[in-house]
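Everything on this sheet refers to the single structure shown next.
Proteins come first, then strands; the chains are lettered A, B, ... in the order of their sequence lines, and each starts at number 1.
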There are 2 protein chains.
Amino acid sequence: MAILDKYTNSKKLYVAVDCIIFGFEDDKLRLLLTKRMFDPCKGCWSLMGGFVQEDENLDDAASRVLERLTGLTDVYLEQLYAYGDTDRDPGGRVISVAYYALICTQKLDKDAEDKYLAKWFPVDTYPSLVFDHPEMVDKAMKRLRRKSLIQPVGFELLSEKFTLTQLQKLYEAIHQRKLDKRNFRKQILSMDVLTRLEEKDKVNSKRGAWLYRFDKEKYDSLLESGEHFVMK
Amino acid sequence: MAILDKYTNSKKLYVAVDCIIFGFEDDKLRLLLTKRMFDPCKGCWSLMGGFVQEDENLDDAASRVLERLTGLTDVYLEQLYAYGDTDRDPGGRVISVAYYALICTQKLDKDAEDKYLAKWFPVDTYPSLVFDHPEMVDKAMKRLRRKSLIQPVGFELLSEKFTLTQLQKLYEAIHQRKLDKRNFRKQILSMDVLTRLEEKDKVNSKRGAWLYRFDKEKYDSLLESGEHFVMK
DNA sequence: TCAAAAGTGTTCAGCGTACACCCATGT
DNA sequence: ACATGGGTGTACGCTGAACACTTTTGA
């Protein structure tokens, strides 16, 4: 096939995806890591990854890898960066496209988790990781910090119903700093992207706190009106 | 080699880089495009690209492709995004990692430009491009807009010495809106990252305008003092 | 009754924004 | 003398940030 002349002169390379999986539990941002089940570095902590198949889009490969580990589909998943140093993987020349995912830990499939020897670690104290995976985690954290200020991605880490205190704790975990309760509430409520439900959460307080949910329609109206989602 | 068992079960793929090359001339932001010299889509306008070699880092591949077309090294070059839909290139399964470059058009190697049938186009009126290249250009524009507000990348598009008016015109071109002269000057000068030279540019005005240069050392001090580069 | 979390407004300073005129010089 | 681009300061409104007390209720 003449059409492929120029292409077939070049060498093909392995292409993989690796997933940085974020969760939120006990007021801490956490990472889901697995133990590598094959060499090189068998038994070491690693991001969950897999090779991209010939008939599979990059995004689909990332979804597949994520579903294999968590059992979850319809998860927030965003491409982070492509890592391609020749010596990044001692097992061979592998280009890895990193994705980060935000999941609600309550919805997790525990079986899959066990199967892949996976475990949650707080983002500020996770074990050493193989290859350039620490670099990936670092970049993912920075991306999440930036993104959470200008797009409503944080809600992906909470269950559908949440209290304002839980939401604040989440932002505090992502940005690793305390926020002022009154200012936080004023700001998030002023954007009018939440709907208050007719229910209270009595688990965390005797008095009970109103439950809210993120309202996609309100968010769309906000954007249509020329405003933006902004947290400070 | 047992170490590669898991890897050799997977198929390798072609990996390419494509470069979105920005320049600034006649108060307009411009794109350097080439005519494809081989099938598929021979003769169509395209971003400059090339395959990643087996012994070559991703970033190095992008630099090589950029140098081949422009003759320039030491250019601002940043990875943009990895494109990997199975049907993105009718010539075969190719993962493309897009990079964008900011170059000073005055330093351009005209010969290389001719050799690859390359041509500059204003970013608001460029011809149709092959594959998913329009999507790449769009993403690069957005990245440049965002980045230029929080990091001093714009200077990469100007020659070393420039007037404040030229700098303002550049920001206006990137953001496609008029800026207030007094506010613009106040803001850029208040950060103290420019050094005023003892020379004036008399090309664009009779009176002459002071020439400035971006001062890396001043910029580093700004960061050390906990401040940030911010343009609004 | 007490401990623990929920909920609620105001004040102030600093910044972003709008805005108009004089200057220098080459033709 | 005039046309062209260069250069400069102020006033105001809005927003971000700091800050403390009352309420509810289960134990």
Using atom CZ of B:R185 as one end and atom P of C:dG16 as the other, report the distance to the nearest whole Å. 19 Å

Interatomic distance, B:D18 atom CG to B:D132 atom CG [nearest 0.5 angstrom]: 8.0 Å

Using a heavy-atom cut-off of 4.0 Å across all strands, would you classify B:T165 as base, sugar-phosphate, or nothing? sugar-phosphate

Return the residues of residues 192-215 of chain B meeting this criterion: a heavy atom under 4.0 Å from some atom of DNA chain C. Order them by number, or give none. B:K202, B:K206, B:R207

C:dG14 C1' sits how many Å from B:E227 CD, rounded? 13 Å

For atom CZ of A:R182 and atom P of C:dC12, their distance in whole Å: 15 Å

Hey, are A:E78 and A:K147 close enough for a salt bridge, meaning a charged N less than 4.0 Å from a carboxylate O? yes

Between B:T165 and B:R185, does any side-chain donor sit less than 3.5 Å from a side-chain acceptor? yes

Would you kindly compare A:Q187 and B:D180 by the position of their nearest DNA chain D nucleotide and give the one closer to the 5′ end? B:D180

Separation of C:dG16 atom P from B:F184 atom CZ, nearest Å, is 15 Å

Below 4.0 Å from chain A heavy atoms, what is the first contacting nucleotide of DNA chain D and what is the last? D:dG16 to D:dG26

B:K216 and B:D220: salt bridge (Lys or Arg N to Asp or Glu O under 4.0 Å), yes or no, with the steps? CA-CA 6 Å; B:K216 179 84 169 65; B:D220 289 340; 3.0 Å; yes

Round to the nearest Å and state the distance from B:M231 atom CE to C:dG16 atom C1'. 13 Å

Look up atom CG in B:L158 and atom CG in B:L170, then write down how far apart they are to the nearest 0.5 Å. 5.0 Å

Flag if over 12 foreign heavy atoms under 6.0 Å of CD, B:Q106: yes

In whole Å, what is the span from the CD atom of A:Q166 to the P atom of C:dG7? 11 Å

Take a 6.0 Å sphere around NZ of A:K142 and say whether it holds more than 12 heavy atoms from other residues, nucleotides or ligands. no

Please report, rounded to the nearest Å, how far the P atom of C:dT11 is from the CG atom of A:N183. 15 Å

Between A:Q168, A:H175, A:Q176, which is the residue that forms a side chain to side chain donor-acceptor pair (under 3.5 Å) with A:E172? A:Q168

So CG of A:L80 and NZ of A:K139: to nearest 0.5 Å the spacing works out to 6.5 Å

